[in-house]
Structure formats: structure tokens, C-alpha cells
Amino acid sequence: MKKNLFMIAAAGLAGMLTSHAAVQTTDFDDIKLYTLQNKAGTTVKITNYGATVTSILTADRNGTMADIALGYNDVSGYMNAVDKPYFGSIVGRYGNRIAKGQFSIDGKKYKLATTNGANHLHGGVIGFDKVVWDAKVAGSHSVRFHYLAKDGEEGYPGNLDINVTYTLTDANELKIDYLATTDQKTPVNLTNHTYFNLKGEGEGTILGHELMIHAKGYTPVDSGLIPTGKIEPVTGTPFDFTTAKAIGRDIGKKDQQLEYGLGYDHNWVLDKGGKTGQLTLAATLYEPTSGRFMEVFTREPGLQFYCGNFLAGNLKGKSGKTYLHRGGLCLETQHYPDSPNQPAFPSTILAPGAQYQTTTVYKFSTKK
Ligand code: BGC
């Protein structure tokens, strides 16, 4: 594996693309970087290390391109990320937290690593963001990543066979299709952990971004960010994003939930309007100075909105710019945190013979 070559590929690939809707592969032994480009010139780069989105180049309202995804310019950045931001990666086997790293299935107890205080976060010590996936170009617009998580890996039961397909459409959608099967009952909750800054990575904070979340309720947490089990209405709280508002508007309000999250770091219960399991609008994000607008659609019942509270302002990103505290935000489509221990939440247990199948779409456009 020639890690440092990844940087050269990341810098050089866009210029090499001549055809639209092209998929370009650059092969550095087992680490690869794929570039998807559509007719509009939107360009998405994805590496098979962690099935990670490393870059998303989109136009602003004047047609000027910028990279709106935070990340590193070298695969070693992703490998050695001491502060563990999980930039752009697929996280799993269980995205988000499992209380005390414990759960039971059919009376049998399982113990996972506690990687976030007393709790388990994002799949453990070597989660899906830290493994090399098999990769395959799948048509003119898609790349498919495959990983077989072994029975017992990170303490989870069952061989879990996972396919994640990224597609960039000419309608400016980055579509992520997830498919998984298992040979033993196991919890599964996969998501993508891209940090967006619609002004451009390294261009200040996301506090001026206007966010709408299609959710009347959210799952409040304890001080370790484990849901209490209740679903509370957002009305009258800083968590009300039912109408678009600037993220910075209420973030400083005195509120115990904001104190626990050090800002927004919570799961919203999406209004599915009777369309459980179907692709529905979860959120919109607008950045007024650039005019960039993003819509998020998902089949999942929940959305973790995390506004980069743990970015400490000490990290330089891929273009050398400093990533400020709250310099990027994640909209992680998912089942609710700690579902394996919360019988009232929609189940995350996948059984042999069943298929885990879900889709998330990030759609890019601009507004005047
Ligand atoms: C979690 C945050 C965590 C971040 C990076 C988010 O999904 O909700 O609490 O700090 O990932 O690990």
C-alpha cells in the first residue's frame, strides 16, 4: 500500500476526466480512489478505505465550484485520525452509540468495546471506517464497495456481508444504497459520516447555514448521549427545525440537552407520513452567501444532526485550511441510537434470511 500517493491522486484526478458521467479509477495497490463526475461537473471522490467520500465539488449560484466536504488529502490522515472525526466514512456495524457497549439477543449477552466514555460508538476500535473495502465500478455512474465483517469482529455476532453503492446522477444526487445480509442475528445501523460546509471546506463555521429537519420529535439523551427512551416534541425548544432556521440561532440558548451535546448532537425522529421504509425528505440545508442548497432523502426513521462540536479548531484539512469548531456538520441518516437496548425504538436487529436494505440521497442545487 503506497499511502502517500493518495494525495497526488486526489489533487490530479479531476483534470484528467474528459467525458461526463465518468467513473475514473486510480489504483494504488489495495487503496483506490474513485472519481464520479456528472454532466453539471459535480465531482465526487470516494476511496475504498472506509468507503469514504473524500471530496464533493459542487457549483455555487454563480457556477463557481468548491469542495463542500471536509477531509484529509492523504489516506494516512484517515488512518491516523486521533481525534476520530470519521470524515466522510461509512460507519458501522452500528453507527452511533450503544450504551455501555452491551446488548442481548435471544437472552445471549454481547460485549463491545467502549470507545466513547462508557459507551460504544460507530462500530468500535476498528469500525467500517477503518477497513479496506473491495471496490468495483458498477456502471457509468456508480461504484460499489463490499466488505465482509466477520462473526465476532468488534464483538458483534454473525458474518455480515455488506454492499454500499454510491451513484452520482445527472440530477445532481449522490445516492447511497446499502445492502447487508447475515448468518446470525445482529444489530446493523449503517450511515455515512460526511461533514458538509456548503461555503466550502475550511471556509469558517456552519452556524449561518439554514437547516430544516422534517421532524416533530427527537430523542433526548443523558449526559453520555444515550437516549432516555422518550420521544419528545421539538415545539418550543432549540430542537425545532420544522421551519428552516440558522443553526446558530438557538445553539447558545440555555438548555440541558444542548449542554449534554455541547451543541446539536441528537437524533431526530423523522416524520415519515405513513411512508415507513420509503424514501422521503428528511432535511434541507441552505447556505445564503454561496446559494448552495442540499436536500437529504432517506428510507431511515432517524437523522443524527451533529454540528461538529468536537472539532477543536486544531486540524488542518486537505487544502491546508483550519477546520474551526463547528466548521462542518453531519446529517447522518440512521435508526435511533442505542436501539438494541431500547425495545420501544424501531428494531435494528437483522436476522438470517432477511435483507438490510436502505437508501440515502444527498441532492445538490442552488437558490438565488
Ligand atoms: C456523534 C458525535 C461524535 C461524532 C464524531 C457523531 O455521529 O454523534 O457525538 O463526536 O460522530 O465521532
Side-chain angles (χ1 to χ4, degrees), residues 50-53 69-72 77-101 112-130 154 176 187-197 201 205-206 211 213 215 218-228 239 247 251 257-269 282-283 296 298 300 302-315 317 323-339 342 345 348 360 362:
T52 300
V53 174
L70 275 59
Y72 306 102
Y78 293 92
M79 289 171 144
N80 303 325
V82 276
D83 40 0
K84 295 213 182 125
Y86 300 86
F87 287 147
S89 306
I90 296 297
V91 292
R93 175 177 311 206
Y94 199 93
N96 216 298
R97 291 171 176 78
I98 296 179
K100 300 192 177 77
L112 313 171
T114 46
T115 50
N116 188 252
N119 303 317
H120 177 85
L121 177 69
H122 293 338
V125 180
I126 302 178
F128 295 171
D129 60 298
K130 294 265 178 298
E154 291 293 328
I176 314 176
V188 184
N189 195 28
L190 305 177
T191 193
N192 176 276
H193 212 280
T194 295
Y195 287 61
F196 296 95
N197 184 327
E201 56 87 31
T205 77
I206 47 71
L211 176 68
I213 305 179
Y218 78 114
T219 52
V221 289
D222 67 15
S223 59
L225 301 187
I226 296 294
T228 59
F239 293 82
I247 292 165
I251 204 170
Q257 285 297 313
L258 287 174
E259 278 165 32
Y260 285 161
L262 302 176
Y264 296 108
D265 191 356
H266 294 75
N267 170 68
W268 271 255
V269 174
V296 184
T298 186
E300 289 299 293
L303 180 78
Q304 182 86 8
F305 162 43
Y306 166 61
C307 68
N309 305 309
F310 295 105
L311 293 176
N314 56 0
L315 194 156
Y323 289 160
L324 301 181
H325 178 54
R326 299 178 179 152
L329 67 95
C330 302
L331 294 169
E332 304 159 54
T333 55
Q334 58 172 20
H335 272 57
Y336 313 160
D338 196 35
S339 296
Q342 304 267 359
F345 288 175
T348 49
T360 291
Y362 295 102

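Note that ligands are numbered from 1 as they come in the structure, with each ligand's atoms numbered from 1 the same way. Values below: all heavy atoms of this structure, side chains included; hydrogens, waters and symmetry mates excluded. Sequential numbering from 1 along the given sequence is applied to the chain's residues.
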* Asked: Which bit of Gln304 gets closer than 4.0 Å to ligand 1, counting heavy atoms only: side chain, backbone, both or neither?
  -> side chain
* Min N/O separation Tyr86 to ligand 1 under 3.5 Å -> no
* Asked: When you measure from atom 4 (C) of ligand 1 to every protein heavy atom, which one gives the shortest distance, and what is it?
  -> Tyr306 CE2, 3.6 Å
* Reference residue Gln334; test side-chain hydrogen bond (donor to acceptor under 3.5 Å, both in side chains); the match among Thr191, Asn267, Thr360 -> Asn267
* Asked: Can you list the residues that meet the ring pair (Phe, Tyr, Trp, His ring centres under 6.0 Å) rule with Tyr86, with sequence neighbours excluded?
  -> His122, His193
* Glu154 side-chain N/O to Ile126 backbone N/O, donor-acceptor pair under 3.5 Å -> yes
* **Numbering as shown, the atoms of ligand 1 that approach Asp265 to under 4.0 Å (heavy-atom distance)** => 1 (C), 2 (C), 8 (O), 9 (O)
* **Heavy-atom donor-acceptor pair, His325 side chain to Asn309 backbone, under 3.5 Å** => yes
* Tyr94 side-chain N/O to Thr348 backbone N/O, donor-acceptor pair under 3.5 Å -> no
* Under 4.0 Å from a heavy atom of Phe310: give me the atoms of ligand 1 that qualify, with their elements. => 9 (O), 10 (O)
* Considering the heavy atoms of Lys84, write down every atom of ligand 1 situated less than 4.0 Å from one of them. => 5 (C), 12 (O)
* To do: On the 0 to 90° scale, with breaks at 30° and 60°, tag the Phe305-Trp268 ring pair as parallel, tilted or perpendicular.
  => tilted
* Which residue supplies the protein heavy atom nearest to atom 6 (C) of ligand 1, what is that atom called, and how far is it? -> His193 NE2, 3.3 Å
* Asked: With atoms numbered from 1 as shown, which atoms in ligand 1 lie under 4.0 angstrom from a non-hydrogen atom of Glu332?
  -> 6 (C), 7 (O)
* To do: Looking only at distances, please establish whether an N/O atom of ligand 1 is found under 3.5 Å from an N/O atom of Tyr195.
  => no
* **Where ligand 1 meets Arg97 - atom numbers and elements under 4.0 angstrom, heavy-atom basis** => 1 (C), 2 (C), 8 (O), 9 (O)
* **Beyond-backbone contact of Pro227 with Phe345, side-chain heavy atoms, under 4.5 angstrom** => yes
